[in-house]
Every structure is written in C-alpha cells, then in structure tokens.
Amino acid sequence: MTVAAAPIVDCEGLVHIYRTADLEVVALQGLDLELQPGETIAIAGRSGSGKTTLMNILAGAEPPTAGRARVGGHDLARMAEPERERYRRQVVGYVWQHSQVNIWPELSALENVQVPMLSGGVPGREHSRRGRWLLEAMGLAGLAGRRPPQLSGGESQRLALAVALANQPALLLADEPTAELDSTTARGLLADLANLLQETRTSAIMVTHDRQLERFVDRVVQIRDGRTSLETRWRETEAGPAADELVIMDRAGRLQLPRALVEKLGLGERVRVHVEDDHLRIYPS
Ligand code: ADP
Ligand code: MG
C-alpha cells in the first residue's frame, strides 16, 4: 500500500474579508488549494482576484477570516503569537515585488543571507558556508561582498530570494518576483530559482502576470473572484511544449467555468446538464 505524503499546503473553504468603516470586501470566497511537498505552482489572475491576500495568509501575516489553512502542520487560523513568529522565521520564506523590503542596504550580500540564520535553525558554524552556497546557486558567487545599492534590479531580486531561502523553509512564497525585470533577466532568474528549489526539494507558490514563469513550475492555478478556477500544466511533447488546461472542481462539486466560455455559449444563471455514460454535457437553458 502506498501512503500519500501529507500536503505541505492545505487550504479548504478559505474566506477572507477586509472590513473598513463603511465597506466589506470579500477577498477570498471559499478557496481550496493543496500542494504536495516539493511541488511548485504559479498563481495567476486579474488584479483584485485575491492573490496577495492568499499570500499574506500563507506567510502568517494575518489569520484568515474563516476556513482551513494549514502549512507544514501549522494551523494558520489558530496560531498564537510565539508560534506565528517561529512559523515566519523557519517554515516560510517570502519575497515581495519590491526586493528592497527583504534586504538591508548597509550589509553585504553575504551578510544579508546570514541575517535570517541568526534566529533560525542553521547552526552557527554553517552560516558562512551555507550563505556562500546560496549566493552561488542564485548566480551571485562573485558578488558576496557587494552591498545592495551596488546591485542591479535582477541581482537584488536574486539576493532577496537567497535571503528568503536562508533558513531552509519548507515553502517559498513570492509575490510577482519578476514584475520589475525585463524578460531575459526574468528568465535567467527563474531558471536558477527552479533548479535551487528542485535541488533543495522546497515547495513554492509564485504569483505572476508573467506567462514565461509558467514553464518553470509544475502547474499554474488561476484565481477568479477569490476562488481557484482553472489549472494549467505544461508538458513536453514531440511537437514542443503543450498546455493541458483543466477546470477545477471544489470539494462541494462546484465548477467555475472560464468567463470567455460562459459568454461565448450564452450560459445564463441556469444551465441544462445531460448525463452521459462517462461525461456531462452542459447547454444554455
Ligand atoms: P490581487 O493581489 O489579486 O490583486 P488582493 O488580494 O490584493 O488581489 O485584493 C483582493 C481584494 O481585496 C480587492 O478587491 C482589494 O481591493 C481588496 N483588498 C486588498 N487589501 C485590502 C485591505 N487592506 N483593505 C481593504 N480591502 C483590501
Ligand atoms: Mg497582488
């Protein structure tokens, strides 16, 4: 009998509501997401669809309003402050769009990578060796002594990723990590990152608008209106890369059909469903 490994990320029915004085925004409306250890995914979706909200919850920055969110056995909805603190230092690593947020301008690249280790799970004698290894893996081998103001945009983002991976997190979170880079720089960075993630068996969730990022992850999950809707997997075929696109069904059996399809077929609020032997047909009513 084979036993499936426990998922590293397990979200079910995740709901998040922002409340301001006169407004309530439901940013996540029952989102399901599962990641296996070592798996990497990209999250895509229009602006305002809830991507950053999901990343903030997974980063332990704020608890969800309702639903289940577990990462590496930690219950993000119920963590008390000391556990939350430890979770942020040792279980997840994160990089936001503006890499400057993650790095100290007055420290060298090598010192930057060592900062998280001071409070993490890496033994002291390992700091320098591991720091150099990470810089090398992220293509910064010759730049260990440079300070961030002396690095290019792409190099800063590479450094931010090395810093995020310093404590061997089980899960890397990156919100639009290549948004400010040109496409050649972005591709080089993503290739190095994908190798490093694979070598260290680190899971990752990356938010992106960048279609080329899709080829460096195991699958791409589209979010629409605070829920997962479509999933794309790329595979190599003899004729070149091909995309398998699947509509995601949640655990309650709900499908979110692509908007373009709904409009094209003129599907309204009710549809007619015909059950065949091994498939369904859906018609406008
Ligand atoms: P995305 O990253 O996909 O662009 P967000 O998660 O940032 O989406 O936002 C989802 C929804 O929640 C949007 O309607 C946004 O306006 C709203 N929202 C995000 N952050 C806040 C906040 N701090 N207060 C109120 N509303 C917010
Ligand atoms: Mg966002």
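Whatever order the structure lists them in is the order used to number ligands and atoms, beginning at 1. If you're wondering where the values come from, they're calculated on a predicted model, not measured in any experiment. The figures that follow rest on heavy atoms only: side chains count, while hydrogens, waters and symmetry mates do not.
- Using a 4.0 Å heavy-atom cutoff, Arg46 is listed among the residues neighbouring ligand 1.
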Next on the checklist: Apply side-chain contact (heavy atoms from CB on, under 4.5 Å) to residues Trp96 and Thr52 and explain how you reach the verdict.
Outcome noted: CA-CA 10 Å; Trp96 305 141; Thr52 295; over 6 Å; no
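- Nearest protein heavy-atom contact of atom 5 (P) of ligand 1 is Thr53 OG1, 3.7 Å.
- Between Glu83 and Arg78 no salt bridge is recorded (no basic side-chain N to carboxylate O distance below 4.0 Å).
- Between His16 and Tyr18, the ring-plane angle classifies as perpendicular under the 30° and 60° cut-offs.
- Among the atoms of Thr52, an N, O or S atom falls under 2.8 Å from the Mg ion (ligand 2).
- Atom CZ of Arg68 has more than 12 heavy atoms from other residues, nucleotides or ligands within 6.0 Å.
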Item to check | Derivation and outcome, salt bridge (Lys or Arg N to Asp or Glu O under 4.0 Å), residues Glu85 and Arg89 | outcome: CA-CA 6 Å; Glu85 191 65 30; Arg89 281 193 195 147; 3.3 Å; yes
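- When distances from atom 17 (C) of ligand 1 to the protein are checked, a heavy atom turns up under 4.0 Å.
- Using a 4.5 Å heavy-atom cutoff, the side chains of His74 and Val92 are not in contact.
- For atom 22 (C) of ligand 1, the closest non-hydrogen atom of the protein is Tyr18 CD2, 3.5 Å.
- Between Gly48 and ligand 1, an N or O atom pair is found at a separation short of 3.5 Å.
- Against a heavy-atom cut-off of under 4.0 Å, Ala27 is close to the following atoms of ligand 1: 10 (C), 11 (C), 12 (O).
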Next on the checklist: Please determine whether side-chain contact (heavy atoms from CB on, under 4.5 Å) holds for the pair Leu267 and Leu261, giving the CA-CA distance in whole Å, both sets of side-chain angles, and the decisive distance to 0.1 Å.
Outcome noted: CA-CA 8 Å; Leu267 300 177; Leu261 198 64; 5.7 Å; no
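- Remark: the backbone N or O of His274 is not paired with any side-chain donor or acceptor of Arg281 at under 3.5 angstrom.
- Nearest protein heavy-atom neighbour of atom 7 (O) of ligand 1: Thr52 CB, 3.7 Å.
- For ligand 1, the atoms sitting less than 4.0 Å from at least one non-hydrogen atom of Ser47 are 4 (O), numbered in the order shown with element in parentheses.
- Scanning all protein heavy atoms for the shortest distance to atom 15 (C) of ligand 1 gives Val25 CG1, 4.6 Å.
- From the protein, the heavy atom lying nearest to atom 8 (O) of ligand 1 is Gly50 N, 3.2 Å.
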